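Every chain is numbered from 1 and lettered A, B, ... according to where its sequence line falls, protein lines coming before strand lines. Everything quoted here is computed from the prediction, not taken from an experiment.
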Amino acid sequence: MPVTVRNSASSSILAILPPVIAFNQKGGPRPAWPNVTYSNPNFSFRQASLALSQFCGTISPPITLRRHVMTKTIRIQDVAQYVGQSVNLQGWLYNRTDKGKLQFLQVRDGTGSMQCVLFQRDVPEELFEAARQLGQESSLSISGVIRQDDRAPGIPGGYEMGVTGLEIVQLAEDYPIQPKEHGIDFLLDHRHLWIRSQLQWAVLRVRATVIRAIRDWLDGHGFVNMDTPILTPAACEGTSTLFATDYFGTPAYLTQSGQLYNEAAIYAFGRVYCFGPTFRAEKSKTRRHLTEFWMVEPEIAFCDLDQLLEIEEQFVSYIVQRCLEERAQELELLERDTAPLEHVTPPFPRLSYDEAIEMLAQIRQETQDPELGAQLEIAWGDDFGSPHETELTQRFDKPIFVYGYPTVAKAFYMEPWPGRPEITKSADLLAPEGYGEIVGGSERISDPGLLLQRLEEWNLPREAFEWYIDLRRYGSVPHSGFGIGVERTVTWICGLDHLRETILFPRLLKRVYP
RNA sequence: UCCUCGGUAGCUCAAUUCGGCAGAGCGGCCGGCUGUUAACCGGUUGGUUGGAGGUUCAAGUCCUCCCCGAGGAGCCA
């Protein structure tokens, strides 16, 4: 019975054959066996394997492919289930140690990495020699028997493969990144390759878990995902520098926040959140800033500042605890001391802005370091800089809320404090261990008259905000919301000293490549 | 925008107060090694010292200007 062999990626027909398999041979590497599928379900794997092993006898270097057909392809993260079994792995060579008659291949597959061992005596000479040719990051399909061995390094580690078969998908040469230290500029230039390195892999997996925890908590607490526009008509808040684009002849700007739009959405859905990229064109050159970053902004109807803070502390604690549960292995790779993270449970300490200013004054008095003293100088009304946040947070073992910021230091839409018009019903959440602000939130003005007054005081054009004022005309309610920066959160949870490693391709003041 | 530091082999870095033959480790290549953990051992390959100009018998080193990067500040709900 004729069999059609297709490339699964392109669906192109590689060959139509009697029970024999064809490969696309153009002098280069052959496609990996698992990329080939049969369109004829009547053709058994056993027939395929026989035909294949005959065919492969003519290929140089000869490689035992038969097992690739017969054995199950597993993921390294599941390796513990396969002790004693013959299985196949598809991945990339992370490192290789050649001991003469013994070779150790460290193979990554995206879910982890595992040591694969070849004793010269135990494997065909061609296979042993083929393994010798492998440069770092060569792609391969490797098979053998899984065994437990405490000496075996890897992720999760403790298991290794006694290799019996190897197919080289591509031989990589002169891979630029070695398993050793490199400079940051070089690494950022090679970010497309750097992400294969263990620590980067670990950080980005923590990020994925943070994002999933964010969505799970919000979706589980009655929030409706409501994504807001990325292209916006005007610099709504005046102060921030925005990225301008040409929108069919008129300027449009990349969003710096979805909050105002989601203030509209709460009147339709009650509780909403947006989750998307945010753009800031400030020329910030610090470890806490990206020009493109991801922010989650929940917004809640019938919610005052006190209620908001309770939501925030529940939410943030949940994110941290999920990471501790699901990413313990990655945090260990990152050598993150998880003890401080375990303290992250509600309630969080609340500190008024006035108290924070006092505390900073006291720290300044007590410090022996004149430079630090100068950095910590602050007048009532000023917003905190990062030295202030660092000093404050180092005095608590949990994230802290600082609430009641001066009206002059905050945005126009924030509800004034009852009886103290000089401060607002606003609160920032500062992460411990010196990490600083990760969340900013506030209760929003709900009175149309006051909002109009604020727009005037801030010299904002009323026409642009007519829709926003409407929200206060038709069924206005007390409402609050906050924004949490994903990268800052991941930086804190991973214990990193710079947030550029927490996003796949960071966009920095001096870098939009790769 | 300001302050500080930096740019030397593919990578990480040396190169002596006061100018005097351009070096090492890693990687690559060749050889050795049956339990390596960024393996190790021996050999070998590898350079427009960010760019331009200047001082000098002689400049990686000193001077001037420029380019690039990093850290911090400012900016940043």
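- Between A:Lys285 and B:A70, a side-chain N or O to OP1/OP2 separation shorter than 4.0 Å is present.
- Within 4.0 Å (heavy atoms only), A:Gly183 reaches sugar-phosphate atoms of the nucleic acid but no base atom.
- Nucleotides B:A9 and B:G27, compared at atom C1', are 11 Å apart to the nearest Å.
- At the heavy-atom level, A:Arg132 lies nowhere under 4.0 Å from the strands shown.
- Per the geometry, CD belonging to A:Gln120 stands 9 Å off P belonging to B:C33, to the nearest Å.
- Each of B:G69, B:C76, B:G35 was ranked by its minimum atom distance to the side chain of A:Arg280; first place goes to B:C76.
- A donor N or O paired with an acceptor N or O is found under 3.5 Å between the base of B:C75 and the side-chain atoms of A:Ser284.
- Contact annotation for A:Glu160: base contact, defined as any heavy-atom pair under 4.0 Å involving a base atom.
- With respect to the salt-bridge test (charged N to carboxylate O, under 4.0 angstrom), the residues A:Arg108 and A:Glu137 qualify.
- Rounded to whole angstrom, the span from the CD atom of A:Glu173 across to the C1' atom of B:G27 amounts to 13 Å.
- Aromatic rings from A:Phe186 and A:Trp194 are positioned such that their centres are separated by 6.0 Å or more.
- Atom CG in A:Leu509 sits roughly 15 Å away from atom P in B:C76 (whole-Å rounding).
- Across all strands, A:Phe104 comes closer than 4.0 Å to base atoms (heavy-atom distances).
- In the set B:G28, B:G35, B:A73, B:G35 carries the atom at the smallest distance from any side-chain atom of A:Phe119.
- When atom types are taken as modelled, the side chain of A:Tyr435 and the backbone of A:Leu496 share a donor-acceptor pair closer than 3.5 angstrom.
- Nucleotides B:U61 and B:G6 have their P atoms positioned 14 Å apart, rounded to a whole Å.
- Less than 6.0 angstrom separates the ring centroid of A:Phe465 from the ring centroid of A:Phe412.
- Looking at the side chain of A:Ser386, the nearest of the listed nucleotides B:A73, B:U36, B:G27 is B:A73.
- In this structure, of B:A38, B:G35, B:C75, it is B:A38 that holds the atom nearest to the side chain of A:Pro179.
- Note on A:Arg288: nothing from the nucleic acid sits closer than 4.0 angstrom, heavy atoms only.
- Side-chain nitrogen and oxygen atoms of A:Lys180 include none within less than 4.0 Å of the OP1 or OP2 phosphate oxygen of B:A38.
- Checked against B:C76, B:G10, B:A73, the side chain of A:Glu282 finds its nearest nucleotide in B:C76.
- Closest-nucleotide positions on RNA chain B for A:Lys410 and A:Arg151 were compared, and the one nearer the 5' end corresponds to A:Arg151.
- Look at A:Arg350 and A:Glu313 and you find a salt bridge, because one of the NZ, NE, NH1 or NH2 atoms lies within 4.0 Å of a carboxylate O, short of that distance.
- Across the C1' atoms, B:C11 and B:G20 are found 30 Å apart, a figure rounded to whole Å.
- Within 4.0 Å of A:Pro153, counting heavy atoms only, lies at least one base atom of the nucleic acid.
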Return one dot-bracket line describing RNA chain B 5' to 3' (Watson-Crick or G-U wobble pairs, both distances under 3.5 Å; ( ) same strand, [ ] crossing, | another strand, . none). (((((((..((((......[..)))).(((((.......))))).....(((((..]....))))))))))))....
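- If you check the side chains of A:Asp109 and A:Thr111, you find a donor sitting under 3.5 Å from an acceptor.
- The distance from atom CG of A:Asp189 to atom P of B:U12 is 10 Å, rounded to the nearest whole Å.
- The six-membered or imidazole ring of A:Trp417 lies near that of A:Tyr403, with a centre-to-centre distance under 6.0 Å.
- Map A:Arg96 and A:Glu297 each onto its nearest nucleotide of RNA chain B; the residue landing nearer the 5' end is A:Arg96.
- Here A:His498 lies in heavy-atom contact (under 4.0 Å) with sugar-phosphate atoms only.
- Spacing of P atoms, B:A22 relative to B:A58, comes out at 15 Å, to the nearest Å.
- Separation of the P atoms belonging to B:A14 and B:G25 is 16 Å when rounded to the nearest angstrom.
- To the nearest angstrom, C1' of B:G7 lies 18 Å from NE2 of A:His182.
- Of the candidate nucleotides B:U34, B:A70, B:A73, B:A73 has the atom lying nearest to any side-chain atom of A:Thr286.
- Spacing of P atoms, B:A59 relative to B:G43, comes out at 34 Å, to the nearest Å.
- Heavy atoms of A:Asp428 sit nowhere under 4.0 angstrom from any nucleic acid atom.
- Remark: aromatic rings of A:Tyr253 and A:Phe279 are distant, center separation not under 6.0 Å.
- We find that A:Arg132 and A:Asp98 are joined by a salt bridge, their nearest charged nitrogen and carboxylate oxygen being less than 4.0 Å apart.
- In this structure, A:Lys510 places its NZ atom 19 Å from P of B:G7, rounding to the nearest Å.
- Side-chain atoms of A:Gln115 and base atoms of B:U36 include a donor and an acceptor less than 3.5 Å apart.
- Nucleotides B:A70 and B:C62 are separated by 25 Å at their C1' atoms, to the nearest Å.
- For A:Thr97, whose side chain is taken as the heavy atoms from C-beta onward, the closest listed nucleotide among B:U34, B:A73, B:U36 is B:U36.
- For B:G71, the OP1/OP2 oxygens have a side-chain nitrogen or oxygen of A:Arg500 closer than 4.0 Å.
- Remark: A:Glu355 CD is packed, more than 12 non-hydrogen atoms of other residues, nucleotides or ligands lying under 6.0 Å away.
- In summary, the aromatic rings of A:Phe482 and A:Phe315 are positioned with their centroids under 6.0 Å apart.
- Spacing between B:U16 and B:G60 at atom C1', rounded to whole Å, works out to 14 Å.
- Regarding A:Asp98, its CG atom lies at a distance of 12 Å from the P atom of B:G27, rounded to whole Å.
- Going from atom CD of A:Glu181 over to atom P of B:A70 covers 18 Å, rounded to whole Å.
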